[in-house]
Amino acid sequence: MRLAVLLSLSVGLVMLKKARTEFLSPGSFRNVVIQGITVTQTCADEFLCRSSSFNATNCVSQGVCAVEQECNGRIDFPGLEHPLRDWQATLNGQNAPGCTLVNKTPDNPPSVTFATTAGRTLIVNGSATNLNPCFTQRSEPLNSSFSLVFWLRADCKNCSVLEIHQRGGESLYLRVVGDSLCVNTDCSAILQTNQWILITLWASVNEFAIYGGENRINFPGSAFHDISVENLYIGSSEIIPMADFFELFDVRFYTDALSSREILYLKNGLPDPSLNCRCPSGYPDIVSSDDTLCTDDVSTVARYNSSVHFYLPEVMIDEREDTLWASSDQGVVTFTLDLGRSFQIGLISLLFTSSLPSRIESTFVSSGRDNQARQFVCSGSNCTIDITQENAPNTIEEYRQLTADTLKISMHRDSGSGLESFVISELVVTGRAVVRFLFAKGTKRSVIYREIVENYGEHGEQDYQWCSWFKDGRTSLQDEPRSGRPNTANNDWNTARVDELIKVDRRVKLKEMSLKLDIPKANVYEIVHDKLGYRKVSARWVPKMMSDEHKCQRVEISQILLYWCQQEGDEIVDVGPGGDHRARNKLLEH
């Protein structure tokens with residue numbers, strides 16, 4: 001649906017001469033930008049009030065609803081702590097024989113690391129005398145779900161690098177024994193001497209796992225279930241053997257269990273769109289055959305919670321043709337349009353895709369005062385109030401009746417009509433600004449400024465400047481030519497650029513073209529609709545008038561189809577299994 005609600009300060013209003021009562025130079029009507037829409041209905045429940053026309057399934061296919069997906073897990077990494085900075089250090093002065101904690105990256109660091117203000121390195125070796133245990137621990141008990149991630153480099157015959165304290169159970173020790181990583185005496189040969197590896201301890205409720213890089217390690221004989229971790233000692237609570245050595249770098253503690261894709265991201269830094277919605281805690285992996293499901297290798301849960309909601313009334317004034325607004329199916333429906341400032345109204349148009357109301361009327365509201373209600377006239381699916389076809393006002397009071405800063409539109413039903421929602425695809429309002437009329441009426445600039453600021457806020461400063469220009473004899477509200485950058489973006493160069501973007505991608509949006517070309521969105525709209533003559537069909541831009549090339553293509557295709565019809569008869573239009581159209585396929589082959 002395209003935005004057709006019309007607004008412009010550059011539009012001339014009628015001007016009243018002091019010595020006469022007639023109005024001069026009414027000017028043209030332009031697009032008014034609606035600031036907001038509020039709806040009043042006798043029934044407000046989203047589905048109950050539209051149940052006669054729509055349900056959660058058909059409302060989506062008919063364009064009045066959208067399916068919204070809410071992530072069932074996290075949308076960002078969980079809370080982060082840096083144990084080498086934040087936890088309680090049991091180091092002897094933090095720097096003791098064989099135990100060093102430094103605030104810098106190590107020599108030859110891992111190829112993939114993430115910048116952190118707490119990028120510390122714990123260096124432990126057994127080459128010194130008078131050695132003491134060297135580790136840090138959390139001062140608060142651990143939650144049942146967490147992840148501890150760190151980079152490890154070691155050259156050890158038998159080093160304890162981590163101690164896992166259980167509630168009511170024996171401690172587990174993570175050891176480096178040559179090229180093996182061990183839990184107590186169960187080992188897996190995944191290490192290389194003096195080479196960095198990312199280690200992750202993963203806990204979810206009573207489940208526990210250890211990852212080497214992005215791979216989960218299967219320790220023979222170890223059963224990591226029914227484990228309740230109470231605390232972690234990071235470093236060595238033992239005196240490591242002479243000449244043994246290990247480093248722990250960029251140690252991170254996350255307050256929830258990471259997903260397998262988060263671990264992969266920490267390991268190699270590759271972006272992953274799935275990180276926008278993580279799996280729920282306890283189900284770390286996305287099912288490979290269905291990315292809407294998460295698994296713990298035993299069962300699955302939904303990655304998203306889906307819900308269906310009706311579109312808000314603002315879709316009546318957006319630029320899409322595949323979004324519609326559906327009202328309640330009972331009682332009077334009234335929506336109020338906030339125009340942001342006062343306009344002389346020229347046209348109000350509603351385009352329906354449903355049955356029409358029995359009566360539609362609009363009340364013009366100006367400075368809180370309701371003017372006389374006007375009736376819409378319907379032709380086909382389009383209902384309008386077209387004041388531009390009426391005689392121009394001859395008095396100030398007649399003019400006031402045509403001005404509004406707010407529009408109320410009410411849709412009525414016959415008492416005997418059945419329940420049905422009114423569905424609107426497009427709302428159009430045109431108008432022209434009031435500031436020139438106030439000046440022509442003889443209102444002082446200070447009064448105009450005060451009234452406009454009180455009613456329309458920040459727009460008052462610009463309107464006050466317009467009063468000065470009118471006093472100097474100016475009659476036009478159009479921007480005057482000036483040096484420097486052209487005062488309009490609707491030149492031939494920009495028109496050609498917009499046309500090129502549309503030809504490359506027929507589904508391109510006005511906002512995208514505006515950002516790419518650095519042209520105001522309103523100018524892009526005028527170029528597309530007024531200069532290039534495109535319109536939206538099935539959310540694609542197509543020319544309103546066929547070019548010579550299009551006409552030739554149509555003649556060629558018609559001749560091909562005529563020849564095939566003569567050769568194969570009615571079979572050419574048969575639809576095969578799965579909706580396979582023979583005619584379409586032959587055209588593609590051609």
Side-chain angles (χ1 to χ4, degrees), residues 77-78 80-84 87 101 105-106 108-114 116 118-124 134-138 142 145-156 158-165 171-204 207-220 222 224 227 229 231-238 240 244-269 284:
F77 277 89
L80 175 63
E81 299 176 11
H82 298 280
L84 298 185
W87 287 13
L101 183 62
T105 58
N108 299 316
S111 58
V112 178
T113 57
F114 292 83
T116 170
R120 296 187 174 190
T121 305
L122 177 62
I123 305 172
V124 181
C134 179
F135 62 93
T136 182
Q137 68 180 19
R138 198 169 191 260
L142 302 181
S145 296
F146 66 87
S147 294
L148 179 72
V149 185
F150 57 89
W151 288 93
L152 168 67
R153 179 168 64 180
D155 183 3
C156 290
N158 190 345
C159 298
S160 171
V161 299
L162 187 72
E163 185 175 343
I164 305 165
H165 283 246
S171 294
L172 300 175
Y173 291 86
L174 187 68
R175 296 180 175 275
V176 175
V177 181
D179 62 354
S180 296
L181 188 68
C182 306
V183 176
N184 290 345
T185 58
D186 296 322
C187 299
S188 179
I190 64 168
L191 305 178
Q192 297 183 37
T193 301
N194 274 325
Q195 298 297 313
W196 290 104
I197 184 172
L198 185 72
I199 302 297
T200 302
L201 272 69
W202 179 91
S204 178
E207 296 296 320
F208 190 80
I210 298 177
Y211 288 77
E214 70 271 25
N215 300 313
R216 189 166 179 165
I217 304 173
N218 294 316
F219 290 98
S222 294
F224 291 141
I227 291 180
V229 180
N231 211 330
L232 297 170
Y233 285 5
I234 299 174
S236 179
S237 62
E238 304 174 344
I240 69 172
D244 280 5
F245 163 89
F246 70 85
E247 288 178 281
L248 303 180
F249 171 62
D250 199 12
V251 183
R252 299 176 177 220
F253 179 83
Y254 292 96
T255 56
D256 194 7
L258 297 179
S259 70
S260 58
R261 298 199 179 197
E262 287 176 317
I263 295 173
L264 177 62
Y265 176 69
L266 292 176
K267 189 256 180 184
N268 58 27

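What's counted below: heavy atoms across the whole structure, side chains too, no hydrogens, waters or symmetry copies.
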Report task. Mind jotting down which residue pairs meet the side chain to side chain donor-acceptor pair (under 3.5 Å) criterion with at least one end in residues 187-197? Sequence neighbours excluded, please. Result -> none

Query raised in the report: Between E81 and R138, does at least one N-O distance fall below 4.0 Å, as a salt bridge requires?
Result: yes

Distance check, rounded to the nearest 0.5 Å: [X] atom [atom1] versus [Y] atom [atom2]?
X	Y	atom1	atom2	answer
Y211	S260	OH	OG	6.0 Å
I263	Y254	CD1	OH	10.5 Å
I199	L191	CD1	CG	6.5 Å
L201	L258	CG	CG	11.5 Å
Y233	S160	OH	OG	12.0 Å
N268	L198	CG	CG	10.0 Å

Query raised in the report: Which residues pass the ring-ring contact (aromatic ring centres under 6.0 Å, His included) test with F150, sequence neighbours left out?
Result: none

Query raised in the report: Got a sec, which residues hit ring-ring contact (aromatic ring centres under 6.0 Å, His included) with F146, two or more places apart in sequence or on another chain?
Result: F253

Query raised in the report: Looking at W151, is R252 sitting on its ring face, NZ or CZ under 6.0 Å from the six-membered ring centre and within 45 degrees of the normal?
Result: no

Would a 4.5 Å heavy-atom cut-off, applied to side chains only, mark [X] and [Y] as touching?
X	Y	answer
P83	L148	yes
L172	N184	yes
L174	L181	yes
F249	L152	no
I123	F245	yes

Which heavy-atom pair separates [X] from [Y] by the least distance, and what is that distance?
X	Y	value
W202	S204	CH2-CB, 3.5 Å
L122	G235	CD2-CA, 4.0 Å
P109	P106	CD-O, 3.4 Å
A154	V176	CB-CG1, 3.9 Å
C187	S180	CB-CB, 4.0 Å

Requested in this report: Give the C-alpha distance, both sets of side-chain angles, the deciding distance and a yes or no for side chain to side chain contact (heavy atoms under 4.5 Å, CB included) between L248 and I234.
Outcome: CA-CA 9 Å; L248 303 180; I234 299 174; 3.7 Å; yes

Query - S259 (side chain) donor-acceptor with E262 (main chain) under 3.5 angstrom - result: yes

Query - Donor-acceptor pair, side chain of N158 and main chain of R175, under 3.5 angstrom - result: no

Query raised in the report: Side chains of W87 and Q137: is there a donor and an acceptor less than 3.5 Å apart?
Result: no

